[in-house]
Engineer: 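Just passing along the structure, written as structure tokens.
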Amino acid sequence: MPAEILIDIDYVSKQYALASGAFTVLHHISFQIPKGQLVAIVGKSGSGKSTLLNMLSGIDHPSEGTVVIDGTNVHSLNESRLASWRGAMIGIVFQFFQLIPTLNILENVLLAMDFVNVVAKNNRHERAHHLLELVGIADHADKFPSALSGGEQQRAAIARALANDPPILIADEPTGNLDSQTTDDIQHVFSELANNGKTIIVVTHDDITDVGYERMLTLKDGHLVGEKLFA
Amino acid sequence: MNTRLKLSLISLWLNPSRAVLMIIALSIGLWGFGSNWVSYVLLSKDLNANYTRTKPYHVVLTSNDFSRLDLSAFKSRPDIENAEFRDSSIQRIEVLPDQWLPLWLFGVDHFDNMDIAKIYREQGKSAPDPGTMLMERNGRHVSNLDLNALAQIRVKSGNKTVAISGITFDPAQAPATQDAFIYGYMDKQTYRRITGEPVNERLIIRLKHVASKQEVRVKAQELIKDFRHDGIVIKSMDIPKFREHPHQFQLNTLIALQAIIGFLAFIMGAVLVSQLMQAMLAQQTRQLGVLKTVGATRYQVLGIYLTTVLVLGAIATLIVTPVAVQSGYAFAGFVSGVLNFNILTTELPWTSYAVLLAAGLLLPVLFTFPTLWRGTNISVVKALNDWGANRQLPSSLTKIINRLPIPGNLALCFRNIFRNGKRLLTTVCMITLGVAIFSTGFNVKKSLIEFLDDTKTAMKYDIQVVLKNQISPQKAVAPFQSMQNLQRIETWSGGQGRLQSIVVSASNGLGVVALPRDTDLLTWDVIEGRWLEPGKTTELVLNQVAADALNSPTVGEDLIIGIDGKTITARLVGVVKEFGPGKIYIDKDQYDALVNPAHQINSLMFTTKDRSYPSVLAMKSEIEKRLKKTNFEVLFVMSQTERAEIIFNHLNIILVLFTLLSSLVLIVGALGMASATSINVLERTREIGIMRAIGASTKSIFAIFIREEIIINGIGIVCGICLSFPLSTYAAKYFGNLILGHQISLHFAFSAQGLIITLLTMLVFGWMASRFPARKALTVSTREALCYE
């Protein structure tokens, strides 16, 4: 039985108006991602990878085409509904972690639950601790981000991304700022999560062989130029 | 603690200096508003409450025929609430050795059960022993008289010594300190025995079911008709302002000032907080993007920042409310002391606290809401890509600046300044408002001082002696002819003038001044028509108070005036501006021909050769000594300096308050400038890092910020001074009308002193505002500055 399609990108283009004229970042990109797949998006700097992720997460709007996730046309939602939907459906991990520096690690995870309100209030602390255990930094729950290493901060960011148990995890070069050992550890976390049913899309420059990716999409100058499936 | 609430509080903790600045701005604004509000609540209620609880009379009738009146029967009429004979006359009292003031003496029927025009015991007896008197408490401030003192009173028959057996409080009278009057109260028998004046000739009446002066007038005229029917001829009728204290105009001015400036200070404080919140948002833009990325809606983000504002408002309210209540009471106490009334409200109503609370909590939220609403509307992608101040000037503006014949570094300053047009506008507006209002305060003060000077120079005599009765000029002048330093004595005449109506004189008595029309002792500012000129037609000139009292007659109109029982018809030819009671000016020759065939006089105007203050005082003292030896019935002897002081005392409280309140606005404006500088520096921390990375010295970066602030400050000051001109003109018009009435405007005056103080204040604040944040930013290392978000 074919896997259920969770993400459907159809003919998505993105143009920016610059003083020198319109600049097209994405050219009519179309693909589908089934539930539970671990997908890598690769390409050189400026190829449109991050823009494509922004389209997927509803952070940015396409100039043309549609993004349908779990039956919802993402860009038909208004800003407020989009934020709530994103909070519940998608967890985002950034290259520079983007943790709130004034909250400790536990509070960073709790804040995401607090905004979206899908996890019952009584269960939030327990779930936050569980997630921090899952990514291996439970001992650092009370520490502030500045007291953690890059790898630990990225693990905290992953825990936060998982706070509302979203079916999709999007990561924009999550290991771009980490050493090779930590990179392997993070890749391993993603692989584990995919095995547990999460759909994960990762923009990366890293070597993705042997770390559990099922599919690789290659972008070049805003065009989808290659697609590779791994066994 | 809830994570979102914690985030709201941490935003403040992250930058304590900014949080302190916000709290200071709100506190100053709230204090300005709160203390004004509290004193407004007290003053607006209590002066009137003081006055109305005396059960003031509505009308005063005088007659020589009241012996025919059955007072008990009169009081039982359905339209009469109460009535009493309260005789009064003006005598003189020695306030300091050889210094005399008018004594307004009342002969009272029953001290113990007063139920009309009541007075209140302060010290000593509540009812004076026979042969003694009570003195109104405010008299102590203008004399060395006090309880148990022996007062020298000059009456028709000469000087009398009367003991002061009690100090009383009469809230219905104008304060002695301002009007240079002392009020005394005696039982009727003592009054008659000491003054030799008749009794039971002045009836004060309090009417039932009247709601306006007009209704009082109608009822009083009915009473007069009835009296006439009973054979009682009414000599005069006076109707005071209805339910209004004599000095209500001062209070109205103060309250208007308080309301305007207090609220303005608060608005500026709130705008300042809004500006600071904008800075906070600018600094946390990327965090805002992250919050939205993890699922926060715009409303949730808005809620976080609104909570921050609410917390700030709560802190400011907590700090300021007790201070505002205390200063409000203190200010109301000061005003009540000056205007001689008691603060009756011992506990503020809860609604007053509710207003303070609402102002402290809700208004900052209201004022910051637009900023926060706009700020939280930023898209996630824009927020995540924010790296501090990166606005660029429109190319057209860049071209204009580049074409200006100014050095490159100055051009860079201009380009930086215009990068954030909205903030520049807000900052310039705050400085402009602060400077404009502060300067206006000084300009209006100057206008008032010039008005006082005009009043002084309009009256060129040095000492005025006013007699109660009319005597021949030869007799009047004779005792003073041989005085040293005397230049000349001019004699004037006059009396009480009343506009005639169908029944009897219908307005308050207006002083009639009959003077040589070509006198060089008076040069009034004629605001309508002209001054008196020779001709066959009898001419009148009114001052603006008289014009208002006579319902603003038109210049050219013929008026029928009753003077001392005689009626004259005269044409109104002009209106003059004067601070003082209502007066009708008429040429002495015409006056004598119509009502004064014996050419008697009642005023002596002295001019001195040496017009220095000590010489004039010496002359006044000599006049008093010589008057002692005469049998003249003197109403008052007053030097011009004393008169000017009386006028100044009426206006000084307004001037003081105006200066205080406008300083408050200037401080808030200066704080606005400081905050804008601070934001500017914070936003450009990364830029500072880049400048340092490419070799800029600390000194040169510091100079950039200082130059920028000088330019912004300069623009604000110039705009403020420009705005102060129309504002001062309007304020001069407003206060002129409030103080003088009759739509009279004070002349616009520019205060150079005010300008210098304004410039110095703004320059000091500007220097401090630029120096501290810039110094702080420059202590950050280049690496930290480059990483700054």
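Just so it is clear: chains get the letters A, B, ... in the order the sequence lines come, proteins before strands, and each one is counted from 1.
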Engineer: How far apart are the closest heavy atoms of B:Lys292 and A:Arg86, and which atoms are they?
Structural biologist: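 Reported closest heavy-atom pair: O-NH2, 3.2 Å.
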
Engineer: In terms of heavy-atom pairs under 4.5 Å with chain B, which of A:Ala88, A:Gly58, A:Ala112 leads?
Structural biologist: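 Of A:Ala88, A:Gly58, A:Ala112, A:Ala112 has the most heavy-atom pairs under 4.5 Å with chain B.
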
Engineer: Answer yes or no: is there a donor N or O on one side and an acceptor on the other, between the side chain of B:Gln300 and the main chain of A:Phe115, under 3.5 Å?
Structural biologist: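 A pair under 3.5 Å: yes.
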
Engineer: Count the heavy atoms of every other residue, nucleotide or ligand shown that sit under 6.0 Å from OH of A:Tyr16, and state whether that count exceeds 12.
Structural biologist: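 More than 12 within 6.0 Å, yes.
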
Engineer: Answer whether the closest heavy-atom distance between the side chains of A:Arg160 and B:Val294 falls below 4.5 Å.
Structural biologist: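 Yes, their side chains come closer than 4.5 Å.
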
Engineer: So does A:His61 have more than 12 non-hydrogen atoms from other groups sitting under 6.0 Å from NE2?
Structural biologist: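 Counting other residues, nucleotides and ligands, NE2 of A:His61 exceeds 12 neighbours.
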
Engineer: Between B:Ala296 and A:Ala83, which heavy-atom pair has the shortest distance, and what is it?
Structural biologist: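 Between these two residues, the closest heavy atoms are O-CB, 3.1 Å.
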
Engineer: Step by step, work out the side-chain contact (heavy atoms from CB on, under 4.5 Å) result for B:Thr293 and A:Gln98.
Structural biologist: CA-CA 10 Å; B:Thr293 306; A:Gln98 304 287 17; over 6 Å; no

Engineer: Would you mind checking which part of B:Leu302 comes under 4.5 Å of any heavy atom in chain A, side chain (CB onward), backbone (N, CA, C, O), both or neither?
Structural biologist: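 Contact with chain A is absent: no heavy atom of B:Leu302 under 4.5 Å.
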
Engineer: Just wondering, do A:Leu111 and B:Leu291 contact through their side chains at under 4.5 Å, heavy atoms?
Structural biologist: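 Heavy-atom side-chain distance check passes, below 4.5 Å.
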
Engineer: Which bit of A:Pro166 is near chain B, if near means a heavy-atom gap under 4.5 Å: side chain, backbone, both or neither?
Structural biologist: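 For A:Pro166, no heavy atom lies under 4.5 Å from chain B.
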
Engineer: Find the distance between CZ (B:Arg298) and CG (A:Asn78) and round it off to the nearest 0.5 Å.
Structural biologist: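 B:Arg298 atom CZ to A:Asn78 atom CG measures 10.5 Å (nearest 0.5 Å).
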
Engineer: How long is the gap from CD on B:Gln284 to CD1 on A:Ile100, to the nearest 0.5 Å?
Structural biologist: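 One gets 8.5 Å once the value is rounded to the nearest 0.5 Å.
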
Engineer: Tell me, side chain or backbone of B:Ser379 under 4.5 Å from chain A's heavy atoms, or both, or neither?
Structural biologist: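 Looking at B:Ser379, nothing touches chain A.
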
